[in-house]
Amino acid sequence: MENVKLFGTLPSPFSYRVIWVLELKGIKYDYIEEDLANKSSLLLQYNPVHKKIPVLVHNEKPICESLVILEYVEEIWPHQHPLLPKEPYERAMVRFWAKFADEKGIVIWILFRTTGEDQAKAKKECFNMLETLEEHGNLGTNTFFGGENVGLADLAVASVIHWLEVIEQVLEIKLFEGTTFPSLYNWFNNLKDVPIIKSNIPDQHQMFLSFKKQRETLMDSTAT
Ligand SMILES: N[C@@H](CCC(=O)N[C@@H](CS)C(=O)NCC(=O)O)C(=O)O
């Protein structure tokens, strides 16, 4: 009997990557909400290196780092909603875009935390990231990054784009627009229409209220 637990916080984009894969593959799991201001001894025990969520605990064995977790889940349950295409080159491409999202996606949090020149620089980097995904992601030909099914790269990129849209609202800016990035915009709408994603994606208005408060607190603390 499989025992699967997910330690996360909501609405962390990294937690959602794991929630989406477990839901897509139909794996039963218990979700444990962590308070990152007061981390549980279990979290510290399971992730002594980074002390971060998400952690997936499979039959008492912890796995850390969201992309590593996704690859692990794929290896353990390969037949239920495969996350990677069959052909090695296509698998490599999907991994390339997942890594790209992981490395470049961090810029949305820099955008969220900065003002002035630093924010202008982050905005430019964010625009460049979107432009690269638009130009090189092959989304004009494919519905999703790996072809016709939602896979590893889609989950990684969605955990940047969905959160970016909220950050844009808080900062009252607009970078991710359908007119500038038509293929990427279309891809995201297709992804949000996938029933499992649709019913497991955090509500952007709720996120907006919470992120707005966080931004105000941040600005107050840097002003003093
Ligand atoms: N690279 C990690 C990032 C995870 C991460 O940044 N988690 C944040 C919450 S969104 C965290 O646990 N922060 C707690 C801390 O830094 O102390 C992954 O992909 O899992």
Side-chain angles (χ1 to χ4, degrees), residues 4-25 27 29-58 61-76 83-84 94-114 122 125-126 129 133 145 150-168 170-171 191 197 200-204 206-215 217-218 221-222:
V4 181
K5 292 189 203 103
L6 170 63
F7 287 73
T9 56
L10 299 183
S12 152
F14 305 104
S15 297
Y16 269 96
R17 285 179 180 175
V18 182
I19 291 173
W20 290 331
V21 75
L22 294 173
E23 295 288 340
L24 282 168
K25 284 183 178 280
I27 297 157
Y29 63 99
D30 290 323
Y31 174 78
I32 297 129
E33 176 75 8
E34 267 295 323
D35 174 4
L36 292 179
N38 182 22
K39 294 174 184 170
S40 72
S41 51
L42 268 183
L43 176 66
L44 301 178
Q45 177 193 321
Y46 287 142
N47 190 354
V49 176
H50 297 304
K51 305 177 178 62
K52 289 185 179 187
I53 57 88
V55 177
L56 187 81
V57 184
H58 179 213
K61 285 183 293 194
I63 305 106
C64 306
E65 287 294 312
S66 58
L67 286 188
V68 176
I69 298 172
L70 263 51
E71 292 264 7
Y72 175 85
V73 169
E74 177 66 4
E75 283 197 53
I76 299 288
L83 282 189
L84 292 164
V94 164
R95 289 188 168 112
F96 174 89
W97 288 114
K99 188 168 188 285
F100 178 87
D102 215 39
E103 288 172 356
K104 302 283 181 192
I106 199 78
V107 74
I108 69 167
W109 301 106
I110 301 174
L111 191 63
F112 181 63
R113 293 198 183 100
T114 51
E125 281 176 27
C126 196
M129 171 185 71
L133 287 164
F145 279 89
V150 176
L152 186 79
D154 301 291
L155 305 187
V157 179
S159 71
V160 176
I161 303 292
H162 192 65
W163 277 255
L164 169 65
E165 288 193 320
V166 177
I167 291 170
E168 288 180 339
V170 174
L171 302 180
L191 184 72
I197 302 292
N200 288 285
I201 198 158
D203 179 75
Q204 282 190 330
Q206 289 302 321
M207 286 165 72
F208 167 77
L209 298 176
S210 148
F211 282 25
K212 193 166 163 51
K213 238 189 227 165
Q214 282 180 45
R215 168 86 184 171
T217 312
L218 202 68
S221 68
T222 48

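All ligand and atom numbering here is 1-based and tracks the order in the structure. Residue numbers count from 1 along this sequence.
- Residue contacts with ligand 1 include Lys39, since one of its heavy atoms falls under 4.0 Å from the ligand.
- Nearest to atom 12 (O) of ligand 1 among the protein's heavy atoms is Ile53 N, 2.9 Å.
- Salt bridge present: Glu71 and Arg95 bring a charged side-chain N and a carboxylate O closer than 4.0 Å.
- Using the six-membered ring where Trp is involved, Trp97 and Phe100 have ring planes that are perpendicular, over 60° apart on the 30 and 60° scheme.
- Using modelled atom types and a 3.5 Å distance limit, the side chains of Glu33 and Tyr31 yield a donor-acceptor pair.
- For atom 16 (O) of ligand 1, the closest heavy atom belonging to the protein is Lys52 CE, 3.4 Å.
- Residue-to-ligand polar distances place Glu65 within reach of ligand 1: an N/O pair is separated by less than 3.5 Å.
- Taking only nitrogen or oxygen atoms, main chain and side chain alike, Phe14 does not reach within less than 3.5 Å of ligand 1.
- Atoms of ligand 1 found under 4.0 Å from any heavy atom of Ser12 (numbered from 1 in listed order, with element): 10 (S).
- The shortest N or O to N or O distance between Ser66 and ligand 1 is under 3.5 Å.
- The distance from atom CD1 of Ile201 to atom OG of Ser159, rounded to the nearest 0.5 Å, is 10.0 Å.
- Counting only heavy atoms from C-beta outward, the side chains of Arg215 and Ile167 never approach each other to under 4.5 Å.
- The atoms of ligand 1 that sit less than 4.0 Å from any heavy atom of Pro54 are 20 (O).
- Side chain of Asn47 to backbone of Lys52: a donor-acceptor contact under 3.5 angstrom is found.
- Using a non-hydrogen distance threshold of 4.0 Å, Leu36 registers as a contact of ligand 1.
- Proximity of a side-chain donor or acceptor of Ser40 to a complementary backbone N or O of Leu43 within less than 3.5 Å is detected.
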